[in-house]
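Quick note on labels: first sequence line is chain A, next is B, and so on, each numbered from 1.
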Protein chains: 2
Amino acid sequence: MAPQLTTTSYAVLAQVAVHPWSTYELAQQRVRYFRYVWPRAESAIYREVKRLSSMGLLDGNKEWVGKRARTVYSITDKGREALREWLATPVSPFAMDFEALIRLFVAPLGTKEQIVTTLTQVRDDVREMLRFGGEVKQEFLDGISVTQDQVYIRALAVDFFISLLNTVGAWAERTLAEIESWDDLSPDGKNERALEKIRELPVLTPESVERTPVPPRTQLHPRRR
Amino acid sequence: MAPQLTTTSYAVLAQVAVHPWSTYELAQQRVRYFRYVWPRAESAIYREVKRLSSMGLLDGNKEWVGKRARTVYSITDKGREALREWLATPVSPFAMDFEALIRLFVAPLGTKEQIVTTLTQVRDDVREMLRFGGEVKQEFLDGISVTQDQVYIRALAVDFFISLLNTVGAWAERTLAEIESWDDLSPDGKNERALEKIRELPVLTPESVERTPVPPRTQLHPRRR
DNA sequence: ATAAAGTACTCCAATTGAGAGTATAGGGCC
DNA sequence: GGCCCTATACTCTCAATTGGAGTACTTTAT
């Protein structure tokens with residue numbers, strides 16, 4: 001039995017499908033590809049290319065720079081076939097890790113300053129990610145991207161990335177402003193105002209709210225596969 | 001040396017801080033709390049409460065239902081203190097796993113139907129999550145939430161959740177519409193249009209773009225601690 | 001009375017993440 | 001010519017984590 005491929009496997013395959021890379025480049029350049037949508041440890045990449053090449057999905061070529069070897073991987077027909085088959089399987093849902101929200105829940109245990117610091121950090125992280133998104137955008141506009149011939153696809157992803165980050169950034173800003181306007185972190189007199197705000201939140205799910213017998217998911221959704 | 005606490009530990013502590021729970025409830029009711037912002041396996045929760053109670057951060061009380069035991073955990077002062085200290089440490093950045101984007105990148109290897117199915121799945125997942133968000137919203141408005149006294153904090157989280165999902169949902173809709181308008185998945189004549197669209201994407205980072213000497217992060221950012 | 005669904009966990013094999021460690025290459029500086 | 005610093009190119013290990021299977025009792029529905 002062939003060992004099971006994970007989404008990480010397919011992410012690596014997808015990146016090598018663009019053009020051949022050495023493992024080192026692959027691990028570094030993931031930044032330009034999947035760091036923000038499928039973040040995995042560097043060592044996982046090194047492990048993965050070996051597995052994939054032992055399964056014949058990647059083709060590893062040893063090159064020499066002086067006395068030091070490096071392996072350059074390219075995708076095989078079998079690898080492309082594996083990707084093709086994967087596209088027919090169910091996708092795993094959007095998932096996030098957002099520690100700041102957990103901190104928000106217990107914020108009243110700490111100081112106002114602490115939660116402000118946390119949210120400022122979130123805002124700055126988002127700015128940094130957006131800066132990167134702007135870079136990618138500019139590369140496409142300048143026509144110098146490695147995937148220039150695929151703009152019509154990549155544009156959809158850049159759209160996603162920038163929209164999402166703008167949303168998170170805007171939330172961080174308004175939440176920061178709200179908390180700054182408080183005297184302290186106690187509930188005193190804040191709950192009425194909060195209910196007003198919560199009432200205005202747009203949960204616009206016209207159809208699905210009407211009648212969709214969604215089975216209650218008892219299982220946590222699978223994050224990888 | 002006390003074993004290191006992870007963000008998962010603090011997530012459990014934060015949930016038990018609301019009121020006592022049995023482990024089973026804790027594992028199930030994570031849905032209402034952290035399923036979408038800090039998803040972890042069920043077995044991880046069982047392991048975690050044991051660790052936390054052996055460290056004296058939780059207090060486990062054995063109860064009996066007929067012949068079957070169940071353990072109800074409540075937070076201790078030491079547990080609350082641990083949460084308090086945690087709030088002073090740096091937060092780990094927002095991270096997501098979004099398999100659909102990887103699929104989008106290699107979509108031309110498959111059929112138009114396949115990528116449409118994938119995006120439809122994303123849209124439906126988002127709808128389901130929004131339905132849940134609407135439920136939480138309604139509970140607060142009806143004044144029956146377990147954390148009713150904390151609306152002023154929870155409202156900020158509900159705002160985040162609903163804003164983010166609306167953004168992802170809207171992206172799924174417009175991307176679906178765009179792809180439906182294509183004859184096939186080939187690049188023919190699509191790149192010019194895509195460049196137009198990409199040009200209009202709002203990357204509004206006035207300050208940070210001007211002059212922020214952000215050190216290039218070579219390390220992948222830590223996701224948990 | 002019986003079946004099905006819910007409660008309340010334990011245990012395990014396989015993956016993954018984070019970091020430390022090893023070693024060579026190349027450029028700048030004195 | 002020697003030294004230092006940074007980049008390249010990995011390997012190895014350990015602990016954390018996941019998903020799933022398994023056990024066994026309780027409650028509800030038929």
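- Applying the ring-ring contact (aromatic ring centres under 6.0 Å, His included) criterion to A/Phe105, with sequence neighbours excluded, gives B/Phe34.
- The separation between A/Arg40 atom CZ and C/dG19 atom P is 16 Å, rounded to whole Å.
- Picking from C/dT15, D/dA9, D/dA16 the nucleotide with the shortest atom distance to the side chain of A/Thr6 gives C/dT15.
- By the ring-ring contact (aromatic ring centres under 6.0 Å, His included) test, B/Phe160 is found to be paired with A/Phe98, A/Trp171, residues two or more places apart in sequence or in another chain being considered.
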Any protein N or O atoms within reach of nucleotides 10-14 of chain C? Criterion: under 3.5 Å, listing atom names and distances.
from   : atom 1 : to      : atom 2 : distance (Å)
C/dT10 : OP1    : B/Lys50 : NZ     : 3.1
C/dT10 : OP2    : B/Lys50 : NZ     : 2.9

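- Across the protein-nucleic acid pair, B/Trp21 atom CH2 and C/dT7 atom C1' stand 16 Å apart, rounded to whole Å.
- When only modelled atom types and interatomic distance are considered, B/Thr175 and B/Arg123 share no side-chain donor-acceptor pair under 3.5 Å.
- Residue pairs satisfying the salt bridge (charged side-chain N to carboxylate O under 4.0 Å, His left out) criterion with at least one member in residues 78-93 of chain A, sequence neighbours excluded, are listed as follows: A/Asp77-A/Arg80, A/Glu81-A/Arg84.
- Rounded to an integer number of Å, the gap from CD of B/Gln29 to P of C/dA8 is 12 Å.
- Rounded to whole angstrom, the span from the NZ atom of A/Lys62 across to the C1' atom of D/dT11 amounts to 12 Å.
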Check: residues 19-27 of chain A side-chain donor-acceptor pairs under 3.5 Å, at least two apart:
from    : atom 1 : to      : atom 2 : distance (Å)
A/Trp21 : NE1    : A/Gln15 : O      : 3.0
A/Trp21 : NE1    : A/His19 : O      : 2.9
A/Ser22 : OG     : A/Glu25 : N      : 3.2
A/Ser22 : OG     : A/Glu25 : OE1    : 3.4
A/Glu25 : OE1    : A/Ser22 : N      : 2.9

Every protein N/O within reach of nucleotides 22-25 of chain C N/O, cut-off under 3.5 Å:
from   : atom 1 : to      : atom 2 : distance (Å)
C/dT24 : O2     : A/Arg68 : NH1    : 2.1
C/dA25 : OP1    : A/Lys67 : N      : 2.4
C/dA25 : O4'    : A/Arg68 : NH2    : 3.4

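- For A/Glu42 and C/dT16, the CD to P distance is 16 Å, given to the nearest whole Å.
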